[in-house]
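Worksheet: the structure to be examined is printed underneath.
Atoms considered below: every heavy atom in the structure, side chains included; atoms not considered: hydrogens, waters and symmetry mates.
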Amino acid sequence: MRVTDMPAGDRPRERLWELGGEALADRELLALLLGSGRQGQDALELAGELIAAHGGLRALARADPQELVALPGMGPAKAVRVAAAFHLARRVANIDSSDRRRVTTTADLAAVAAPLLRGLRHERVVVVVCDASGAVLRTARLTEGATDRSLIPVRDTLALVLASGGASFGVAHNHPTGDPTPSTADRRATARLREAAAAVGLRFLDHVVVTDAAWRRVTADK
């Protein structure tokens, strides 16, 4: 059934107004972002097709606008609107996760860093700066890398932590492949960070690899 053929109380816009976003299915929420469909297809149908074309909502959230326009009916304006909505959602998740949270375990570090790392198709390295009690002072991106490697600049990492007034810090990076297994380079980076932190009086908390569905601690290379 097309949106225009639905009773007013069953249409996505009216249901969200009356019941809240939780009452709507993914394609209904997406249809509201799209605003319209194309000839012979309304926004709800286009939204369902868009989700299916990308293999689900999670994959859709990672798509660039240039990929979204490949589907008929998805012009640049719609594509940019959808991409912007997903980026806003990730930023809000990051604010919520890092707002004066404390990092006392490796799981805490992963939880704070994950919103900055999930949903990406390239590798990114982030640092989580904390005070002596583990309260998060700042989260920041360190590098943006290729799809198959990451670079953790030890000197830049320490400089950022010290400039932020931090007493301790942890680092995290993502594996876009979805495999959280640390590489040999990841383990070596952990060893270098731990050694360098000790040399300047900082506490190195941990290093984690984050994927869209999991995380794993990176132990130092022996």
Side-chain angles (χ1 to χ4, degrees), residues 61-62 83-177 180-222:
R62 301 174 63 179
F86 283 121
H87 277 289
L88 277 174
R90 285 194 286 271
R91 290 186 184 184
V92 170
N94 180 54
I95 292 170
D96 290 344
S97 69
S98 63
D99 185 18
R100 303 308 296 169
R101 288 191 60 174
R102 293 184 183 277
V103 176
T104 58
T105 67
T106 305
D108 293 337
L109 175 62
V112 171
L116 283 172
L117 298 171
R118 286 178 171 154
L120 300 176
R121 293 191 174 184
H122 62 276
E123 284 203 2
R124 171 185 291 170
V125 180
V126 301
V127 59
V128 179
V129 183
C130 301
D131 65 14
S133 69
V136 176
L137 299 176
R138 180 182 180 187
T139 58
R141 302 178 192 178
L142 283 172
T143 62
E144 302 279 347
T147 57
D148 59 350
R149 67 181 182 88
S150 67
L151 175 66
I152 303 179
V154 174
R155 182 178 300 176
D156 291 346
T157 301
L158 299 182
L160 189 151
V161 175
L162 292 169
S164 303
S168 61
F169 72 97
V171 296
H173 73 278
N174 64 312
H175 281 181
T177 60
T181 304
S183 66
T184 299
D186 294 337
R187 294 193 295 273
R188 288 175 179 168
T190 299
R192 290 196 300 269
L193 285 165
R194 179 174 289 118
E195 181 179 349
V200 297
L202 293 173
R203 181 187 173 201
F204 176 62
L205 298 171
D206 226 329
H207 178 193
V208 295
V209 174
V210 175
T211 69
D212 283 355
W215 64 268
R216 187 168 299 176
R217 181 172 184 261
V218 183
T219 57
D221 188 27
K222 298 180 180 180

For residues 153-167, run the donor-acceptor check on the side chains, cut-off 3.5 Å, and write out each pair with its distance to 0.1 Å, sequence neighbours left out.
unit_1, atom_1, unit_2, atom_2, d
T157, OG1, P153, O, 2.7
S164, OG, R138, NH1, 3.1
S164, OG, L160, O, 2.8

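Among all heavy-atom pairs drawn from P182 and R216, the shortest one is CD-CD, 3.7 Å. Considering every non-hydrogen atom in both L109 and H207, the closest pair reads CD2-N, 4.2 Å. When all heavy atoms of C130 and G134 are compared, the pair lying nearest together is SG-O, 3.6 Å. A pairwise comparison of heavy atoms in D212 and R62 identifies OD2-NH1, 3.2 Å as the closest pair. Minimum interatomic distance between I152 and A189 (heavy atoms only, all atoms of both residues): CD1-CB, 3.9 Å.
Within the structure, no pair that satisfies the salt bridge (Lys or Arg N to Asp or Glu O under 4.0 Å) test touches residues 191-202, not counting sequence neighbours. Pairs passing the side chain to side chain donor-acceptor pair (under 3.5 Å) check and including a residue from residues 105-117, sequence neighbours excluded, read T104-D108, T105-D108, T106-D206. Within the structure, every pair that satisfies the ring-ring contact (aromatic ring centres under 6.0 Å, His included) test and touches residues 180-204, not counting sequence neighbours, is listed here: F169-F204.
With sequence neighbours excluded, no residue satisfies salt bridge (Lys or Arg N to Asp or Glu O under 4.0 Å) with R203. Applying the side chain to side chain donor-acceptor pair (under 3.5 Å) criterion to S183, with sequence neighbours excluded, gives D186.
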Go through it in stages, so that I can follow the logic: the residues are T190 and R187, the test is side-chain hydrogen bond (donor to acceptor under 3.5 Å, both in side chains), and I'd like the CA-CA distance, side-chain angles, deciding distance and then a yes or no.
CA-CA 5 Å; T190 299; R187 294 193 295 273; over 6 Å; no
Apply side chain to side chain contact (heavy atoms under 4.5 Å, CB included) to residues V126 and L117 and explain how you reach the verdict.
CA-CA 8 Å; V126 301; L117 298 171; 3.9 Å; yes
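Between the side chain of R124 and the backbone N or O of H173, no donor-acceptor pair lies under 3.5 Å.
Atom CG of L193 and atom CG of L205 lie 11.5 Å apart (nearest 0.5 Å).
Between N174 and R118, the closest side-chain pair of non-hydrogen atoms is not below 4.5 Å.
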